Student: 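First the structure, which I've put down as structure tokens, then a few questions once you've had a look.
Computed from a predicted model, the values in this text were never measured in an experiment.
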2 protein chains.
Amino acid sequence: MKSGDVYDPTCSARDALELIASKWAMLILPALREEPMRNSALLRKIGGISQKMLTQTLRELERNGLVIRSDKQTRPPHVEYTLSPLGASLGDALSVLDRWAERHFTALDEARERFDNERV
Amino acid sequence: MKSGDVYDPTCSARDALELIASKWAMLILPALREEPMRNSALLRKIGGISQKMLTQTLRELERNGLVIRSDKQTRPPHVEYTLSPLGASLGDALSVLDRWAERHFTALDEARERFDNERV
DNA sequence: CAGTATCCTCGGAGATACTG
DNA sequence: CAGTATCTCCGAGGATACTG
């Protein structure tokens, strides 16, 4: 472990990594990569997320400069979330993982079944 | 959200994704990608991980067929962890993220500072 | 519509000690 | 060396209700 890399727990690269290693960020960023979306659209798109976690994660992503929140200042409210260039570059890497998961989850399922049966 | 993709909370692609979205798995897999390692080596390599979380995460990765545990059956014990081909393919994708974090964490730091100062 | 505000619970994860 | 076994606590995150 050379200092300054992700293996160093005192380095803020690790903070960045933990931001990424969030199950919601891992879905929100790829979703926004497809197209900018509103709160309600994200709620529908991402199954199982609560309004609370959506807002919370979006705020954190906005805070870190990955997502841009644009409030159209209308009534009723219209707020749109877009990826920043930085967020887009991360979204690309994350969508690779999403596709990996879609492609290989059956292999994982089978491996788990094998593993669990061996140690009955 | 078409059913069967990661946005579907009932699909096991999501289980796969949550396995990936673990801060420890995100460090262990890329570490093992560099070279097969023993328990103690991983403990040293990955700063801040506890023995408990290391074992726990390794078991889960083994269970899902991503990591191969080979016990040399000697005294004192000698156990080595290797990536399976499947694990290696995931490790590649994850190390992309690790490098992304190393490259861009300063940008994130700056964005956070800006954000926090705006809303004093 | 796009959020806050509160309450409450469950389990993730650290610390510590022990074992084959 | 490579793990288990306990105990413990803190906070992530769900449910629900309210607001501009």
Student: Rounded to whole angstrom units, what separation is found between the CD atom of B:Glu60 and the C1' atom of C:dG11?
Tutor: 15 Å
Student: Whole angstroms only, please: what is the NZ-C1' distance between A:Lys72 and C:dG3?
Tutor: 17 Å
Student: Of all the choices, D:dG3, C:dC1, D:dG13, which nucleotide is nearest to the side chain of A:Pro76 once you look at every atom?
Tutor: C:dC1
Student: Taking OP1 and OP2 of D:dG3, is either one under 4.0 Å from a side-chain nitrogen or oxygen of B:Asn39?
Tutor: yes
Student: Does a side-chain N or O of A:Ser40 approach OP1 or OP2 of C:dA2 to a distance below 4.0 Å, or not?
Tutor: yes
Student: So do A:Leu61 and A:Leu29 actually touch side chain to side chain, heavy atoms under 4.5 Å?
Tutor: yes
Student: For DNA chain D, whose closest nucleotide is more 5', that of B:Ala41 or that of A:Ile49?
Tutor: B:Ala41
Student: How close or far is atom C1' of D:dG13 from atom CD of A:Gln56, stated in whole angstroms?
Tutor: 8 Å
Student: Could you grab the distance from atom CG of A:Leu54 to atom CZ of A:Arg59, nearest 0.5 Å is fine?
Tutor: 9.5 Å
Student: Checking base pairs now: Watson-Crick or wobble, both atom distances under 3.5 Å. What partners D:dG20?
Tutor: C:dC1
Student: Given D:dG13, C:dA15, C:dA2, identify the nucleotide with an atom nearest to the side chain of A:Met53.
Tutor: D:dG13
Student: Would you indicate, yes or no, if C:dA2 has its OP1 or OP2 atom less than 4.0 angstrom from a side-chain nitrogen or oxygen of A:Arg38?
Tutor: yes
Student: Does B:Arg69 have a side-chain nitrogen or oxygen under 4.0 Å from the phosphate oxygens OP1 or OP2 of D:dG3?
Tutor: yes
Student: Heavy atoms, side chains only, cut-off 4.5 Å: are A:Tyr81 and A:Ile68 in contact?
Tutor: no
Student: Please determine, for the side chain of B:Pro77, which listed nucleotide (C:dA13, D:dC1, D:dG14) has the closest atom?
Tutor: D:dC1
Student: Atom NZ of B:Lys52 to atom C1' of D:dG3: distance rounded to whole Å?
Tutor: 14 Å
Student: Choosing from C:dG14, C:dT4, D:dG13, which nucleotide comes nearest the side chain of A:Thr55?
Tutor: C:dT4
Student: Establish, with yes or no, whether the OP1 or OP2 oxygen of D:dT4 is under 4.0 angstrom from a side-chain nitrogen or oxygen of B:Arg59.
Tutor: yes
Student: Does B:Tyr81 make a side-chain N or O approach to OP1 or OP2 of D:dG3 shorter than 4.0 Å?
Tutor: yes
Student: So which atom in A:Asp5 and which in A:Cys11 form the shortest heavy-atom distance, rounded to 0.1 Å?
Tutor: O-CB, 3.9 Å
Student: Just how far, in rounded Å, is P of D:dC1 from CG of B:Asp71?
Tutor: 15 Å
Student: Rounding to a whole Å, what distance do you find between A:His78:NE2 and C:dG3:C1'?
Tutor: 15 Å
Student: Quick one: A:Leu54 CG to C:dT4 P, roughly how many Å, whole number?
Tutor: 11 Å
Student: Got B:Arg69 and B:Leu58 here, is their nearest side-chain heavy-atom distance under 4.5 Å?
Tutor: no
Student: Between P on C:dT4 and CD on A:Gln51, what's the gap in Å once rounded to a whole number?
Tutor: 8 Å
